[in-house]
Peer 1: 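Below you'll find the structure I mean.
Bear in mind the structure is a predicted one, so any value in this text is a computation, not a measurement.
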Amino acid sequence: MPLELYNTLSRKKEVFSPLHPPYVGMYVCGPTVYSDPHLGHARAAITFDVLFRYLKYLGYQVRYVRNITDVGHLEGDADEGEDKILKKARLEQVEPIEIAQRYTALYHKAMDALGVLRPSIEPTATGHIPQQIEMIRQILERGYAYEVNGSVYLDVECYRRDFPYGILSGRNVEELLAGSRELEGQSEKRHPWDFALWKRAEPTHLMQWDSPWGRGYPGWHIECSAMSINYLGVPFDIHGGGLDLVFPHHEAEIAQAHACFGKEAAFQARFWIHNNLVTIEGQKMSKSLGNFITVEQVFTGKHPKLSRGYPPMALRFLILQAHYRSTLDFSEEALLGAFRGYLRLMTAYQRLMEVRPYTYSSFSVEAWRERVFAALNDDLNTAAAIALFFEQTEEIIRLRRQEIYLTAEDLALYQLTWKEVLIDILGLSPPQSIEWEKWASLIGLLIQIRRDARQAKNYALADLIRDKMTSLGIKFLDFPDETLWEMYE
RNA sequence: GGCGACGUGGCCGAGCGGUUAGGCACGGGUCUGCAAAACCCUCUACGGGAGUUCGAAUCUCCCCGUCGCCUCCA
């Protein structure tokens, strides 16, 4: 059963195969770096991290490009509104690049903690101004854009005579016009649905570059077209991003690519993949609603909706327990549930490594393994895959107690599957610290002392040790023949 | 107004015509010096109505409700 992915372009699942095997080109819209990374960023990053990991696991050589948007963009395509990064820079009285650098670093820090692998290439918009200008120049040359007072706009009316505008989002221009909130008056655009490729900069504008049309800065959509095509060519295999980017951002990207390269662009990417949003009490997180939660707040617990902090893997696990195309409703209750479930799974994983082989197998590892990969192949159904692992937790205990058995060969495959899927593909990591070995021997010593105390019926000492360890976040698990322990903080 | 989703047991969440999804929480029990853990048991749901079918959470229609996009947004 091959990997199938839901393609927004066709609105159905399609068997994935790259254009030029074994190479896969994947571009994902990264963050605009002007504020703290939040749960939405985490979900997008983790979703495509898993896809990245899985494609590599399947043997593809993946070039994964995820951009950093460090040019502030206007708050709208209208000719008004303030650049978000500039606004932040002005408020804090620092250079725009300081804002970009700071939030890029915070983004990296948060995503690293969540086990998100760095992409192969992480280009910045400001680092690719020439490529963007060149693309705009070609679009103008082909007649799909026009210049007005030092700004350049894509001429949607003209474009749609040759290409289908709205192919990704299912919009048509008439409907857009009917429902547009665009205000009449201030626009120099020919039609309300035209969008900016290049904007003229006022002399006071902090970030501006020379261009054939005078000093200015690029429009929001052009950077992704220019950078994706620069590193991956046209068309490339996979373009990803949040569901909220489908329109207008990705629709505009497709239009720019075709306006520049014509039919060769072939919808720019063959697979358009979108992760659904994170909601808080059923509503999308947004600053205007004041309900957004940053990744850091989840770690520290410093948020009104949280009573404590949670480790990064708890959040990663919560996200993975939902299918990426479903909305995920965030709450502390859900997060706590995910955290406990994650610990349970990791405990099982650690115990699995202590299982000893036998002369025959009492169940089929192969059949179970196939079900796990069938789930992953079914549009990356991580939730279903994880459920299959939970179903095995009791089997592991029975294996360890020699109530059921596996041959050395089957056991190896069984252990391999746990490692490959949970650790390598889903990117979960056991709750360990770098000081793990030291901790382990220290705790082992305490366990021994406590055991002696218990045998001597010195329960006061035994309980003192246990309670102290509990308060430090280390839980003792007394089995009849031994004591295991686990960290839960 | 247009486009698109979704409503599953206390909570999160798979599900794409016939199986107990699964996790977390709750309750009872076994075990334990006590507890935790582990194990066993209990809780068995699909917004409402009509239809198709031997059979529907899963398909069709209507209704109700929620949400996203159409401004920046992962």
Peer 1: With distance as the sole criterion, do the side chain of A:Arg398 and the base of B:C39 form a donor-acceptor contact below 3.5 Å?
Peer 2: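 Answer is no: no donor-acceptor pair is held.
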Peer 1: Hey, is the side chain of A:Arg340 poking within less than 4.0 Å of OP1 or OP2 on B:A25, counting only N and O atoms?
Peer 2: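 Checking A:Arg340 against B:A25: at least one side-chain N or O falls below 4.0 Å of OP1 or OP2.
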Peer 1: Taking atom C1' of B:G68 as reference, at what distance in whole Å does atom CG of A:Leu245 sit?
Peer 2: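 It works out to 13 Å between those atoms.
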Peer 1: Answer yes or no: does a side-chain N or O of A:Gln283 lie under 4.0 Å from OP1 or OP2 of B:C67?
Peer 2: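 Yes, such a contact exists.
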Peer 1: Once you round it to whole Å, what is the distance between P of B:C72 and NE2 of A:His250?
Peer 2: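 Roughly 13 Å, once rounded to whole Å.
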Peer 1: Between B:U19 and B:U30, how far apart are the C1' atoms? Round to whole Å, please.
Peer 2: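 Between the two C1' atoms, the distance is 30 Å.
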Peer 1: What is the distance, to the nearest angstrom, from the CD1 atom on A:Ile443 to the P atom on B:A36?
Peer 2: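 That distance rounds to 21 Å.
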Peer 1: Take the protein atom CD of A:Glu251 and the nucleotide atom C1' of B:C69, then report the distance between them rounded to whole Å.
Peer 2: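 Going from CD in A:Glu251 over to C1' in B:C69 covers 12 Å.
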Peer 1: Using OP1 and OP2 only, check whether a side-chain N or O of A:Arg466 sits under 4.0 Å from B:A35.
Peer 2: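 Answer no for this pair, as no side-chain N or O of A:Arg466 is under 4.0 Å from OP1 or OP2.
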Peer 1: Of the candidate nucleotides B:G22, B:G15, B:A74, which contains the atom at the shortest distance from the side chain of A:Asn381?
Peer 2: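 Comparing B:G22, B:G15, B:A74 against the side chain of A:Asn381, the answer is B:G15.
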Peer 1: Any cation-pi pair here, A:Arg63 with A:Tyr231, using under 6.0 Å and within 45°?
Peer 2: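 Ring-cation test returns no.
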Peer 1: Return the value, rounded to whole Å, for the distance between atom NZ of A:Lys284 and atom P of B:U71.
Peer 2: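 Checked: the NZ to P distance equals 13 Å.
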Peer 1: Should A:Asp112 and A:Lys109 count as an ion pair when the cut-off is N to O under 4.0 Å?
Peer 2: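 No, no charged N to carboxylate O under 4.0 Å.
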Peer 1: The side chain of A:Arg450 is closest to which nucleotide in this list: B:G22, B:C12, B:G33?
Peer 2: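 Looking only at heavy atoms from C-beta outward on A:Arg450, the closest nucleotide is B:G33.
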Peer 1: In this structure, how many angstroms lie between the P atom of B:A36 and the CZ atom of A:Arg451, rounded?
Peer 2: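 A:Arg451 atom CZ is separated from B:A36 atom P by 23 Å.
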Peer 1: Write down the distance between CG (A:Leu168) and P (B:G4), rounded to a whole number of angstrom.
Peer 2: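 Those two atoms, CG and P, are 13 Å apart.
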Peer 1: Taking only N and O in the side chain of A:Asn276, is any of them less than 4.0 Å away from OP1 or OP2 of B:A74?
Peer 2: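 Looking at the OP1 and OP2 atoms of B:A74, neither is under 4.0 Å from any side-chain N or O of A:Asn276.
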Peer 1: Starting at the 5' end of RNA chain B, which residue's closest nucleotide do you reach first, A:Ala384 or A:Arg454?
Peer 2: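 Its nucleotide being nearer the 5' end, the pick is A:Ala384.
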Peer 1: According to the interplanar angle, ranging from 0 to 90°, do the rings of A:His38 and A:Phe292 count as parallel (below 30°), tilted (30 to 60°) or perpendicular (above 60°)?
Peer 2: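 Perpendicular, since the angle between the ring planes exceeds 60°.
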Peer 1: Ignoring the backbone of A:Asp478, work out which of B:G15, B:C12, B:A35 is nearest its side chain.
Peer 2: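 For A:Asp478, the side-chain atoms sit closest to B:A35.
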Peer 1: So, A:Tyr459 and B:G33: ring centres less than 5.5 Å apart, planes less than 30° off, yes or no?
Peer 2: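 Stacking is present between B:G33 and A:Tyr459, given that their ring centres fall under 5.5 Å apart and the planes under 30°.
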Peer 1: From the options B:C12, B:C40, B:A74, select the nucleotide whose nearest atom is closest to the side chain of A:Leu328.
Peer 2: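 Among the listed nucleotides, the one closest to the side chain of A:Leu328 is B:C12.
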Peer 1: Can you check whether A:Arg171 has a side-chain N or O nearer than 4.0 Å to OP1 or OP2 of B:G2?
Peer 2: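 The answer is no; no side-chain N or O of A:Arg171 sits under 4.0 Å from OP1 or OP2.
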Peer 1: For the pair made of OH in A:Tyr27 and C1' in B:A74, what is the distance, rounded to whole Å?
Peer 2: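 It is 13 Å, rounded to the nearest whole Å.
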Peer 1: How about A:Thr393 and A:Arg344: does a side-chain donor come under 3.5 Å of a side-chain acceptor?
Peer 2: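 There is such a pair between these side chains.
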Peer 1: Got a second to check how far A:Gln297's CD is from A:Asp36's CG, nearest 0.5 Å?
Peer 2: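 The distance works out to 7.5 Å.
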Peer 1: For a quick check of understanding: with a heavy-atom distance under 4.0 Å over all strands, which category does A:Thr47 fall into, base, sugar-phosphate or nothing?
Peer 2: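 Touches nothing.
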